[in-house]
Protein chains: 2
Amino acid sequence: MAQATGPSRPQPATLGDVARLAGVSIATASKALNGRSQVRAETRERVIEAAERLSFRPNQLARSLLAGRTGTVGLLTSDLEGRFSIPILMGAEDAFGAGEVAVFLCDARGDAIRERHHVRALLSRRVDGLIVVGSRTDPRPSLGRDLPVPVVYAYAPSEDPSDLSIVPDSVGAGRIAVEHLLACGRTRIAHITGDPGYCAARERAEGALAALAEAGLEPVGEPRFGSWSEGWGRTATAMLLDRRHEVDAVLCGSDQIARGVMDVLRERGHRVPEDVAVMGFDNWKILTSAARPPLTSVDMNLEEVGRAAAQAVFAALAGSPRSGIEQQGGRVIIRGSTAPLS
Amino acid sequence: MAQATGPSRPQPATLGDVARLAGVSIATASKALNGRSQVRAETRERVIEAAERLSFRPNQLARSLLAGRTGTVGLLTSDLEGRFSIPILMGAEDAFGAGEVAVFLCDARGDAIRERHHVRALLSRRVDGLIVVGSRTDPRPSLGRDLPVPVVYAYAPSEDPSDLSIVPDSVGAGRIAVEHLLACGRTRIAHITGDPGYCAARERAEGALAALAEAGLEPVGEPRFGSWSEGWGRTATAMLLDRRHEVDAVLCGSDQIARGVMDVLRERGHRVPEDVAVMGFDNWKILTSAARPPLTSVDMNLEEVGRAAAQAVFAALAGSPRSGIEQQGGRVIIRGSTAPLS
DNA sequence: AGCGTTCCAGAAAACCTTTTCGGCCCTTTT
DNA sequence: AAAAGGGCCGAAAAGGTTTTCTGGAACGCT
């Protein structure tokens with residue numbers, strides 16, 4: 001009879017059960033199932049059949065305990081709801097999940113205390129490695145050098161240069177954005193971007209200005225820093241137009257800003273892309289594809305960042321740790337909001 | 001000397017190391033650290049100090065192996081990029097992370113094969129429970145009844161009623177949305193919503209119509225099903241206005257649709273909320289807060305769904321499994337797009 | 001002094017799997 | 001016929017922790 005405490009969940013079969021059913025020793029059963037050679041074909045057959053009858057799955061805990069490796073990795077994010085953590089997390093999950101590695105997900109919510117707590121918990125679960133995912137590209141404190149497992153920082157680099165960090169190339173992203181606009185024949189380019197407290201805003205502007213300078217051009221007005229919002233995009237655009245600046249392209253620091261910019265441009269009778277080309281950063285599809293017209297944007301390849309971080313953990317485990325900051329390039333996704341000047 | 005294979009990662013200290021340093025047996029060390037009683041205070045002191053000196057963290061693998069419980073739970077999502085998985089996942093991570101439970105994250109990408117693979121992998125890691133997170137509210141196939149651990153389905157219910165599913169209350173959400181509009185004095189309410197292939201669209205419409213009927217009202221025209229996009233919101237609104245329907249509120253099936261609706265209303269000279277109130281569903285802040293005016297929306301309380309799912313796993317582990325479909329109510333977040341008729 | 005108690009420490013088993021090594025039996029070679 | 005070799009199986013250790021049980025020492029009591 002089932003106890004009142006609920007349905008009796010059957011204990012999973014152990015290797016001992018399989019061995020007993022097959023009439024062999026535990027050692028032989030193990031070798032048979034793992035393809036070891038010292039087993040007669042007929043015996044192996046019998047063991048495998050027994051294992052299937054019991055739907056035996058080897059206990060990874062025991063295996064890990066013995067091997068000293070768990071095949072698990074901790075993914076420590078600072079804010080799950082964050083726009084940028086998710087794709088990175090997906091890339092990492094992808095790279096690991098394909099193999100035999102499982103991922104522990106922890107959200108520290110930007111709290112250093114909680115972060116330390118999670119690190120300790122993960123270490124006591126004997127993860128083989130750690131990926132620390134930031135929510136913005138500004139450097140963050142290192143977890144320290146003396147951890148017993150390799151650590152890779154993704155998106156937000158560690159302040160300690162002896163750690164390994166994988167980050168998107170914001171300067172390069174600003175550069176390729178401008179190069180795309182130049183290729184469209186645009187020469188009077190304004191830059192409206194987000195919070196100047198963000199590295200990403202400053203570096204994208206830096207790359208954009210550099211690319212303009214190399215083409216012998218100047219931006220229309222100084223880059224306008226503000227906030228990462230549609231509202232700021234609208235405000236800044238209104239200011240820009242009120243100054244009667246001649247503009248044939250607006251490079252926006254984010255897709256949200258670009259949406260605001262496009263709205264005001266349209267309302268004031270400027271055609272996009274015929275009169276003014278607009279592009280954003282991040283390629284946030286919910287924003288880009290619903291824009292009128294769909295928005296050209298620089299995709300920062302965050303999945304790649306996550307994947308690269310995962311591979312870096314593998315590399316470190318295989319004995320080739322790296323250090324420093326490695327950058328992942330972005331790419332321009334061309335949609336209707338940019339087109340060659342006719 | 002360090003080997004050429006990389007930095008020699010120090011092996012974490014074991015209980016044996018602690019015991020040796022403290023000059024006691026392993027058993028005594030264990031009892032001292034776990035607050036067991038049969039240890040002299042002075043001995044306990046010595047052990048604790050030794051543990052700290054070695055920064056000893058007990059190996060959870062060994063502990064789990066012995067206890068038969070791992071303190072881990074598998075979180076199986078079908079699409080990480082999905083809009084809805086994330087908050088649920090956050091809620092679950094939150095509820096678990098607060099205790100001593102760690103979460104394995106797996107993304108099956110909507111592929112049943114991959115899902116089975118992940119389930120097997122998780123079971124061989126001896127997770128204590130499983131949460132299956134769907135990406136839409138339509139029922140999905142069960143993982144089966146004979147799993148050795150409790151399973152809770154979140155967002156997307158299981159087709160098998162003997163499983164436990166935690167889902168948002170879409171009918172109720174439609175109802176409270178209409179009730180809010182009625183409270184604002186609106187009586188001529190149109191409903192523009194998304195893909196009719198989605199349960200969520202149909203049920204929200206059902207709830208909305210029911211609430212209208214209870215107030216003795218009819219909707220303005222039939223509910224307009226289409227797609228979950230701004231573009232559809234724009235198209236449907238244009239159609240609605242072209243028919244010269246008198247409308248003082250538009251209830252939209254999603255925030256995206258609402259954004260499109262508001263854009264067209266504004267462009268055609270209708271004031272929001274003075275002439276027409278607009279509200280959406282999902283409370284996707286990136287869309288609602290940037291709208292002009294900010295958009296009133298029904299928050300489906302997805303974090304709550306995730307949290308409830310986590311608690312249901314706990315309950316099942318504690319011996320009180322439940323089954324059936326449990327609904328979580330939503331709540332109206334009032335912003336500028338709805339206001340009493342003046 | 002002898003006995004029973006109480007307190008504290010340690011030995012050993014258990015959890016489950018993998019791997020090494022020893023041994024048995026059968027075959028082949030000298 | 002004896003020795004050598006090869007194929008196959010099982011005993012045992014290892015991994016780190018918790019828990020139970022045994023036992024020694026100190027102490028109080030008769």
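What you are looking at is a predicted structure, and each value in this text was computed from that prediction instead of being measured. Order of the sequence lines fixes the chain letters, A, B, ..., with proteins taken first and strands second; residue numbering starts at 1 for each chain.
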Could you tell me whether [X] contacts a base, only the sugar-phosphate backbone, or nothing, with contacts defined as non-hydrogen atoms closer than 4.0 Å?
| X | value |
| --- | --- |
| T28(A) | base |
| S64(B) | nothing |
| L61(B) | nothing |

What is the distance, to the nearest angstrom, from the [atom1] atom on [X] to the [atom2] atom on [N]?
| X | N | atom1 | atom2 | value |
| --- | --- | --- | --- | --- |
| R20(B) | dT17(D) | CZ | P | 12 Å |
| Q11(B) | dA14(D) | CD | P | 16 Å |
| I26(B) | dA12(C) | CD1 | P | 12 Å |
| Q60(A) | dG16(D) | CD | P | 18 Å |
| E45(B) | dC8(C) | CD | P | 14 Å |
| R63(B) | dT19(D) | CZ | C1' | 13 Å |
| R125(A) | dG16(D) | CZ | P | 18 Å |
| R69(B) | dT17(D) | CZ | C1' | 18 Å |

Among [options], find the nucleotide with the atom closest to the side chain of [X].
| X | options | value |
| --- | --- | --- |
| A62(B) | dA9(C), dG16(D), dG10(C) | dG16(D) |
| P58(A) | dT19(C), dT17(C), dC15(C) | dT17(C) |
| K31(B) | dT17(C), dT19(D), dG15(D) | dT19(D) |
| V24(A) | dC16(C), dT19(D), dG10(D) | dG10(D) |
| L66(A) | dT18(D), dA12(D), dT17(C) | dT17(C) |

If only side-chain N and O atoms of [X] are considered, is one of them under 4.0 Å from the OP1 or OP2 phosphate oxygen of [N]?
| X | N | answer |
| --- | --- | --- |
| R36(B) | dT19(D) | yes |
| S30(B) | dT18(D) | yes |
| N59(B) | dG15(D) | no |

*Is the base of dC9(D) touched by the side chain of Q38(A) through a donor-acceptor pair closer than 3.5 angstrom?*
yes
*asked:* Using 0.5 Å steps for rounding, measure from the CG atom of L65(B) to the CZ atom of R63(A).
replied: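 With rounding to 0.5 Å, CG (L65(B)) is 13.5 Å from CZ (R63(A)).
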*asked:* Parallel, tilted or perpendicular, judged at 30° and 60°: which one describes the rings of Y155(B) and F84(B)?
replied: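 Y155(B) and F84(B): parallel rings.
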*Would you please classify the geometry between the F104(B) ring and the F104(A) ring as parallel, tilted or perpendicular, with 30° and 60° separating the classes?*
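Ring orientation of F104(A) relative to F104(B): parallel.
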*asked:* Taking the side chain as everything from C-beta on, heavy atoms only, tell me whether V18(A) gets closer than 4.5 Å to I26(A).
replied: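 In short, these two side chains do not touch, never coming nearer than 4.5 Å.
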*Mapping R40(B) and L15(A) onto DNA chain C by nearest heavy atom, which one lands closer to the 5' end?*
R40(B)
*State, without any angle test, whether T77(A) and D107(A) hold a side-chain donor-acceptor pair at a distance under 3.5 Å.*
no
*Ion pair present between E304(B) and R307(B), side-chain N to carboxylate O less than 4.0 angstrom?*
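Salt bridge flag = yes for R307(B) with E304(B).
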